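Chain A is the first sequence line, chain B the second, and so forth, proteins listed ahead of strands; every chain is numbered from 1. All of these numbers come straight from a predicted model, not from anything done at the bench.
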Amino acid sequence: MESLNGFKRSDFCGLVKSSHIGKTLSVCGWVQRRRDLGQLLFIDLRDRTGILQLAFDDATARDVFEKALSVRSEYVLAVTGVLRERSSKNKDLPTGDVELEVSSLRILAVSETPPFEITENSDVNDTLRLKYRYLDLRRPDMQRAIALRHKVVKIARDYFDENGFYEIETPILTKSTPEGARDYLVPSRVHPGKFYALPQSPQQYKQLLMLSGFDRYFQIARCFRDEDLRADRQPEFTQIDLEMSFVDTDDVIAVNEGFLKKVFKDVLGVEIKTPLLRLPYSEAMARFGSDKPDLRFGLELCDISDLVKNCGFKVFKDPVEQGGSVRCIVVPGGADAFPRKQIDALVEFVKTYGAKGLAWTRLGKDGTSSSFAKFLTDDENNSIIARSGAKTGDLILVVADSRDKTVFAALGALRCECAKRLSLLNKGDYRLLWVTEFPMFDYSEEEGRYVAMHHPFTAPLDADIGKIESDKKSCRAKAYDIILNGTELGGGSIRISTPDMQETMFRALGLTHEDTHARFGHLLEAFKYGAPPHGGLAFGLDRLVMLLTGAESVRDVIAFPKVQNASELMTSAPDVVDKKQLDELFLEHKQKSED
RNA sequence: GGCCCAGUAGUUCAGUUGGUUAGAACGCCAGCCUGUCACGCUGGAGGUCGACGGUUCGAGCCCGUUCUGGGUCGCCA
């Protein structure tokens with residue numbers, strides 16, 4: 001192996017231009033491919049910018065040529081030579097007009113044959129990719145994703161700086177709070193038996209920074225939640241987190257629309273029209289069955305409860321009587337697009353969302369078939385078709401349930417599934433919107449009480465202040481989510497900024513005075529000293545980058561992600577630790593408490 | 001915690017009704033080759049069919065359990 005020994009890189013491989021022809025260049029990188037023609041040898045050298053062809057000629061530089069013969073895939077080279085025009089050009093390569101005639105070759109590192117080829121969009125299974133993540137990251141598409149992620153972070157820093165935000169770090173070792181996700185806990189050595197929690201978000205700290213008078217804060221914040229993973233959910237993730245003083249909903253929305261506009265322009269060259277659409281939560285649910293609607297296609301929900309509330313079909317009639325609803329979507333052309341077998345699959349699909357079944361009517365060109373028409377009168381059937389706007393060739397899909405929540409969940413998911421099956425989702429189509437006026441409270445079946453839908457520091461709508469304790473069900477919050485193509489990109493709220501209101505909120509959540517003060521005493525105490533009205537928002541950086549790159553999982557835009565069981569395949573974290581480490585944390589505590 | 005999908009050579013996959021010695025492509029190794037660029041040609045090496053158990057005269061294939069990875073429901077203020 002050789003050292004650099006005075007070698008200085010003059011250029012990156014992928015950035016070499018035809019205008020450099022005749023100049024002596026020095027480049028370094030990894031061997032992508034070797035083509036041995038006998039007395040002529042080509043090596044494609046790769047760095048993060050791209051590929052440059054190196055040429056070795058036995059006749060003109062025998063020593064270098066013979067050295068080059070030993071080179072294999074992924075060896076690390078530093079070479080110097082004169083750039084020359086190729087006799088035959090490669091149109092597929094940005095540097096395809098030129099090649100480097102190598103006069104000096106240093107082999108800086110050898111490499112074993114990698115367990116998979118380092119190529120664009122390689123189709124290797126995730127286990128292997130993640131075990132050798134450092135090799136996976138060499139692939140050009142991964143390099144681009146990570147570079148794009150850097151660019152988004154850079155835009156965030158520049159944009160929020162230009163708009164008067166300070167970047168301020170908040171602690172990683174912090175205090176566990178109830179409400180919300182499971183915390184990751186870190187045992188304290190100095191305080192045996194006590195634990196830090198890793199932050200689920202910097203929520204309380206950023207609010208306190210507003211109280212401290214910093215006016216505008218942002219942070220590229222690592223957050224931790226000990227919950228099960230999904231394609232768009234990692235236990236450890238990054239937020240672009242921000243908070244502003246003396247603002248209401250419109251102010252927070254405006255500054256963040258500016259940020260999104262800039263990101264889309266600078267990263268994708270896409271012009272986003274602002275102000276963005278805003279949908280109240282209730283309308284989003286009624287029209288799309290979701291608080292994160294995908295607006296790239298229609299298939300809107302239609303409420304037919306009133307048309308079937310007196311019908312003879314118990315499956316429709318009973319849910320309406322029990323306070324639920326009957327709703328449908330119309331799939332244009334669905335009568336032909338979805339044969340019986342596919343409809344059966346859709347029936348199974350909605351069951352995973354708790355629906356008991358899926359009723360349907362196919363308005364085929366050669367006649368109508370239906371799973372429920374025979375139970376209704378002609379008038380009832382016709383009124384459903386009229387209300388839904390279904391035409392010949394369409395398919396009507398109906399979900400009935402005694403709980404609206406289930407109807408929305410099933411139909412909301414079903415409309416996305418149908419869109420996917422009909423290929424209605426166009427790449428390059430970016431539909432952003434705000435969902436606003438979320439309910440303040442959500443009833444938790446598990447806990448048998450109302451919990452904060454957003455978090456307990458969220459302020460109610462001015463019009464609903466009186467409902468916090470008296471009418472939880474219809475009390476709305478100054479909370480807003482930013483949605484892109486059916487994915488929640490971020491969310492935030494205007495916060496409660498007076499101790500009275502905060503105490504009222506905790507009381508409404510059924511927390512005792514003792515609980516409240518043990519867990520949030522610092523916040524309540526702080527609010528006594530003059531908090532400005534404030535609010536903010538946090539973007540999921542991973543999700544934003546995922547959508548910008550077109551990746552299907554946040555794993556593809558995180559350098560070292562975790563797998564579904566929250567372990568990391570490369571390092572095998574989490575892992576057992578030495579007994580000595582454990583004893584320091586727990587044994588001494590145990591002995592003390594036994595004394 | 002539930003449901004669904006996948007696991008065969010280094011990689012991506014094929015493998016018929018359960019039947020002789022498990023195949024292909026790429027990669028790897030060797031030889032030949034002066035204009036390749038997914039170089040080409042010739043030859044070669046390479047397999048605990050994820051693991052364990054069962055059914056069977058016989059299992060990559062059928063059954064059970066389990067492990068690993070993925071998707072998803074619950075969960076994720």
Side-chain angles (χ1 to χ4, degrees), chain A residues 32-44 51-60 65 72-74 84-93 95-97 99 101 112-132 135 177-183 200-201 203-204 223-235 237 345 348-355 406 409-410 413 417 438-442 444-447 450-458 477 479 488 491-493 505 509 538 540 552-553 555 562-565 567 569:
Chain A
Q32 178 68 38
R33 201 173 278 280
R34 197 180 70 122
R35 288 178 293 277
D36 180 357
L37 276 67
Q39 285 166 306
L40 191 59
L41 177 68
F42 299 103
I43 287 175
D44 289 339
I51 278 174
L52 179 66
Q53 175 167 286
L54 310 178
F56 298 85
D57 193 332
D58 186 28
T60 55
F65 177 83
R72 293 293 182 273
S73 285
E74 301 306 317
R84 68 185 178 197
E85 194 170 7
R86 288 200 202 180
S87 47
S88 62
K89 316 226 184 309
N90 181 347
K91 281 175 195 148
D92 298 331
L93 214 58
T95 62
D97 287 354
E99 67 184 6
E101 184 185 11
E112 291 187 10
T113 303
F116 51 86
E117 279 184 82
I118 313 298
T119 55
E120 179 112 25
N121 302 318
S122 77
D123 197 14
V124 179
N125 86 60
D126 287 347
T127 315
L128 200 66
R129 284 180 60 192
L130 291 174
K131 185 176 174 196
Y132 296 95
L135 298 179
T177 54
E179 308 273 310
R182 252 178 237 112
D183 287 319
Q200 297 176 26
S201 87
Q203 184 60 37
Q204 294 181 45
C223 303
F224 307 85
R225 292 178 190 174
D226 187 5
E227 296 292 345
D228 286 353
L229 283 72
R230 290 283 189 284
D232 62 356
R233 229 157 71 189
Q234 285 271 307
F237 61 101
E348 290 311 306
F349 177 82
V350 296
K351 285 182 183 171
T352 64
Y353 294 87
T406 303
E417 178 66 17
F438 274 79
M440 234 3 217
F441 302 98
D442 192 20
S444 165
E445 308 269 338
E446 191 188 330
E447 300 187 45
Y450 279 96
V451 298
M453 190 161 192
H454 190 53
H455 58 57
F457 317 114
T458 303
E488 181 192 330
S493 63
M505 181 63 185
L509 291 170
E552 298 199 342
S553 163
R555 284 193 304 274
K562 292 182 171 56
V563 298
Q564 196 170 43
N565 64 15
S567 64
L569 296 180

Exercise for the section: Run the numbers on A:R555 and A:Q564 for side-chain hydrogen bond (donor to acceptor under 3.5 Å, both in side chains), then give the verdict. Expected result: CA-CA 10 Å; A:R555 284 193 304 274; A:Q564 196 170 43; over 6 Å; no
Practice task
Verify the stacking flag for A:F42 against B:U36: centroid separation must be under 5.5 angstrom and the ring planes must differ by under 30 degrees.
Solution key: yes
Practice task
Respond yes when some side-chain nitrogen or oxygen of A:R34 is under 4.0 Å from OP1 or OP2 of B:C29, and no when none is.
Solution key: no
Exercise for the section: Could you please name the partner base of B:A30, counting Watson-Crick and G-U wobble pairs only when both distances are under 3.5 Å? Expected result: B:U42
Exercise for the section: Would you kindly check whether a donor in the side chain of A:R233 faces an acceptor in the base of B:G71, or vice versa, at under 3.5 angstrom? Expected result: no
Problem - Rounded distance in Å between the P positions of B:A24 and B:C62 - result: 24 Å
Exercise for the section: Report the base-pairing partner of B:A6 (Watson-Crick or G-U wobble, both distances below 3.5 angstrom), or none. Expected result: B:U68
Exercise for the section: Using a cut-off of strictly less than 4.0 Å, decide whether A:R35 has a side-chain nitrogen or oxygen near OP1 or OP2 of B:C39. Expected result: yes
Handout entry: P gap between B:A6 and B:G53, integer Å
Key = 25 Å
Handout entry: Base B:C28 paired with A:S73 side chain (donor-acceptor, <3.5 Å)
Key = no
Practice task
Keeping the roles fixed (side chain from A:Q32, backbone from A:I118), state whether a donor-acceptor pair exists under 3.5 Å.
Solution key: yes
Problem - Side-chain-base donor-acceptor pair under 3.5 Å for A:R72 and B:C29 - result: no
Problem - Separation of the P atoms in B:C13 and B:U56, to the nearest angstrom - result: 35 Å
Practice task
Could you work out the separation of B:C33 and B:U20 based on their P atoms and round it to a whole Å?
Solution key: 43 Å
Problem - Polar side-chain contact A:D92-B:C37 base: donor and acceptor under 3.5 Å - result: no
Practice task
Determine the Euclidean distance between corresponding P atoms of B:C63 and B:U72; express it in Å to zero decimal places.
Solution key: 27 Å
Handout entry: Which nucleotide in B:U34, B:U72, B:G74 has an atom nearest any side-chain atom of A:Q564
Key = B:U72
Problem - Phosphate-side-chain proximity, A:R129 and B:U11, N/O vs OP1/OP2 below 4.0 Å - result: no
Practice task
Salt-bridge test for A:D44 and A:R34: reply yes if a basic N is under 4.0 Å from a carboxylate O, no otherwise.
Solution key: no
Handout entry: Side-chain donor/acceptor contact of A:E117 with base of B:G10 under 3.5 Å
Key = no
Handout entry: Minimum-distance nucleotide (side-chain atoms of A:T113 versus B:C28, B:C37, B:G74)
Key = B:C28
Exercise for the section: Using a cut-off of strictly less than 4.0 Å, decide whether A:N90 has a side-chain nitrogen or oxygen near OP1 or OP2 of B:U36. Expected result: no
Handout entry: Quiz item: A:R33 side-chain donor-acceptor pair to B:G27 base, under 3.5 Å
Key = no
Exercise for the section: Specify the residue among A:A231 and A:R182 whose closest nucleotide of RNA chain B lies further upstream toward the 5′ end. Expected result: A:A231
Handout entry: Quiz item: A:N565 side-chain donor-acceptor pair to B:G69 base, under 3.5 Å
Key = no
Handout entry: Base of B:C76 paired with side chain of A:R225 (donor-acceptor, under 3.5 Å)
Key = no
Exercise for the section: Please state the P separation for the pair B:G46 and B:C29 - nearest whole angstrom. Expected result: 16 Å
